[in-house]
Amino acid sequence: MPAAPPGTFRLAAGGLSVLVPLRPLLAGVSLVLLLVAVAAVCLSVGDIAVAPLDALRAALSGSGSPRDLLVVEELRMPRVEAGIAVGAALGAAGCLMQTLSGNRLATPDTVGLNNGATAFAVAGIVSSATSLLPSATALTGAATAAVLTLALSGGAGQRGYRFLVVGLGVGAVFGAVTNLILSRAEVDAANAAFAWTVGTLNSRSQTAVTVLEAGLLVCLPLAVVLGRRLNVLRFSDSVATGLGVRVRPLRVAVLLTSVVCAGLAVAVAGPLGMIALAAPEAARRLTGPGPVPVVTSALAGAVFTLPADLIGRTVMAPLEIPVGLVTAVVGGPYLLWLLLTTRTRRTP
């Protein structure tokens, strides 16, 4: 058997063997370990301190003192679970959107998906208290925004910057719709929906979190498969077609997967800005050139979300800052840096 190429190692079983890229594997393992450490800190820090190892033991095995079990399982674990799921969904959706459009600035935040999901979900929250309704309406809103952006821009792909600019306009329209709904709603309903619109993980619906986790179980493996084929779209459409890739169905599948991930994430936590923008960029820097880093982007999104939520609930305690405001403040300078360093790529 020939030696594995540099930067890979070979897994062999019987007569079959698989080449595994070493750098993406190390990046994924490192992010998993970092995520476990960050989750342990989030479970242990608060008004009632719990040792990190005791917090992990209570969360994973359900063992520990009654006080630790109450604090970890009932108060903090649902919040950490929601943060991991939301961050993973936004990271994966951002990676797919950026790769599809060939633009680092194209994410569910900037192309209108999150704002569309927010507008429809706010309408659902104001009109009904059903826990499943925000998930359904957020998906509908994200899909509506995606259809409008695609129709008005003529598609993604080679028109990535036009897709981005049109998405910004569509997002602005849906943002205005959200404000209109809040201004015309009953005071109690508007107060209940307003904190959700800025992005928060406090007291999230467990039903919506479960729906998001079920969606991730389907979308993440699908995104990995789609990511392998998205590598071919780095060439022109004619070259990709010549290599046997059906370009239009692939783009539709990628967009639908992004819509589901972004819509369900917004249904849980509201629009968390900058996670979908920063996580794929960090993943690409860790994994290097090669396959589309969907899984690594999801892990990076979860790693970014949990510390932002921890800062929001502890830095000015007992006053809590919504995690969406924290990510916006931290991610704003990063967005400016991207705008100043991203160059327009001309295509023939």
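- With hydrogens and angles disregarded, a donor-acceptor distance shorter than 3.5 Å links the side chain of Asp109 to the backbone of Met274.
- Side-chain contact between Leu201 and Thr305 is present, with heavy atoms from C-beta onward closer than 4.5 Å.
- Residues Leu250 and Val294 share a single hydrophobic cluster, defined by chaining ILVMFWY side chains whose heavy atoms lie under 4.5 Å apart.
- Checked by atom type and distance alone, the side chain of Thr149 pairs as donor or acceptor with a backbone atom of Val111 at under 3.5 Å.
- Looking only at distances, no side-chain donor or acceptor of Thr99 sits under 3.5 Å from a matching main-chain atom of Leu96.
- The backbone N or O of Pro293 sits nowhere less than 3.5 Å from a side-chain atom of Thr296 that would complete a donor-acceptor pair.
- Leu113 is not listed as a side-chain neighbour of Thr107, based on a closest heavy-atom distance of 4.5 Å or more.
- Annotation for Arg23: atom CZ counts as buried by contact number, over 12 foreign heavy atoms lying within 6.0 Å.
- Screening Leu148, Asn114, Asn179 against Phe174 for a side-chain contact (heavy atoms from CB on, under 4.5 Å) leaves a single residue, Leu148.
- Leu256 and Val254 are not part of a single hydrophobic cluster, where members link through side-chain heavy atoms under 4.5 Å apart.
- Within the 4.5 Å cutoff, no side-chain heavy atoms of Val292 are placed close to those of Arg228.
- Looking at Thr118 and Asn115, their side chains never bring a donor and an acceptor atom within 3.5 Å of each other.
- With hydrophobic clusters built from ILVMFWY side chains whose heavy atoms lie under 4.5 angstrom apart, Val260 shares a cluster with Val268.
- Put simply, the side chain of Arg76 reaches to within 4.5 Å of the side chain of Val50, judged on heavy atoms.
- Looking at heavy atoms from C-beta onward, Val41 lies out of side-chain contact with Pro52 at the 4.5 angstrom threshold.
- Shown here is Leu53, whose CG atom has no more than 12 heavy atoms of other residues, nucleotides or ligands within 6.0 Å.
- Using a 4.5 Å cut-off on side-chain heavy atoms (C-beta onward), Leu306 and Leu35 make contact.
- Ala59 and Leu43 get closest at one heavy-atom pair: CB-CD1, 3.8 Å.
- The nearest pair of heavy atoms linking Ala27 to Thr287 is CB-CG2, 4.0 Å.
- Following chains of ILVMFWY side-chain contacts shorter than 4.5 Å, one cannot reach Val126 starting from Val187, and the two form parts of different hydrophobic clusters.
- Interatomic distance, CG of Asp68 versus CD1 of Ile48, reported as 9.5 Å (0.5 Å rounding).
- Nearest heavy-atom pair across Val86 and Ala269 is CG2-CB, 3.9 Å.
- Considering CZ of Phe304 and CG of Asp309, their distance stands at 15.5 Å, rounded to 0.5 Å.
- Rounded to the nearest 0.5 Å, atoms CD (Glu281) and CG (Leu286) are 10.5 Å apart.
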- Task: Dump the intermediate steps for salt bridge (charged side-chain N to carboxylate O under 4.0 Å, His left out) on Arg57 and Glu73, then the final yes or no.
- Result: CA-CA 11 Å; Arg57 184 167 60 251; Glu73 291 186 341; over 6 Å; no
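- Taking CG of Leu56 as the start and OG of Ser61 as the end, the distance is 9.5 Å to the nearest 0.5 Å.
- Atom CZ of Arg67 is surrounded by more than 12 heavy atoms from other residues, nucleotides or ligands within 6.0 Å.
- The closest side-chain heavy-atom distance from Leu255 to Met97 is below 4.5 Å.
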